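None of the values given here were measured: they were computed from a predicted structure. Both counts, for ligands and for their atoms, begin at 1 and track the order of listing.
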Amino acid sequence: MKTILLSIAFAVVAILFAGPDTLAQVTVTIDHNPAGTGKFSFNRVPSPLKDDAAAQAKWLLLVGELDPNAAGFAALNDGVLPTNQDQPRANFFSSAGSTGARFRLDLGKLVDIARVNSYSWHPNSRGPQVYLLYASDGADAKFNAEPKGYVDPTTAGWVLLTVVDTRQKYGSMGGQYGVSVAAADGILGKYRYLLFDTVATETEDEWGNTFYSEIDVIERVP
Ligand SMILES: [Ca+2]
């Protein structure tokens, strides 16, 4: 847990020092419905879409392993949502006891990205979302399309867009979460690749890996 917190703290500091010239001013909107329904309706975060810019995109696992009881990557962009709060076969999650995973999304071309939205649902500690979100256009001379192991993506042609952490200080962690990563000026950037470094919400037992139900990439409307 200590290592996880340290890496998050490092990432936050890295963002603070990135400066406005290198990165859009990123905003993270978090919504939490303690009960939730199969419609994934939130007050501020839009509901998941089926035909977003990630619908045909390709996933690649770089670090960690997928849980055999999960639906795998398909769950993240099939536009299909779980109908109840504890539905392993309708979600993506890392294997039991692991501390998270790193995976890449290839949009197949450069996309003017306005938002990245992520959704999750579970009755307890697998509900909240904790992840680092990186992006790349693939153009940097040092670009590594598959940063594995302990490679820091920011040394390999990726930018750290933000750190998402929807855990609450008090009360139950369970419920349905919607997250929208956007930019103050309306565009996160023009990117082909996104990299998700997910972190287990807790490591006190083996069940800390989030049940991710969908990830949407929203292209900017000109
Ligand atoms: Ca899905």
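Side-chain atoms of R126 come within 3.5 Å of backbone atoms of N209 as a donor-acceptor pair (strictly under, hydrogens ignored).
Excluding waters, the set of protein N/O/S atoms under 3.0 Å from the Ca ion (ligand 1) reads A75 O, D78 OD1, V80 O, S213 O, E214 OE1.
Think of L49 as one node in a network of Ile, Leu, Val, Met, Phe, Trp and Tyr side chains linked at under 4.5 Å; its network also takes in I218.
L194 approaches A135 most closely through the heavy-atom pair CD2-CB, 3.7 Å.
F92 is not listed as a side-chain neighbour of W59, based on a closest heavy-atom distance of 4.5 Å or more. Two residues are said to be in side-chain contact when any heavy atoms from C-beta on lie closer than 4.5 Å; F103 and Y131 fail this criterion.
Put simply, the residue from S95, S98, S94 that forms a side chain to side chain donor-acceptor pair (under 3.5 Å) with E65 is S95.
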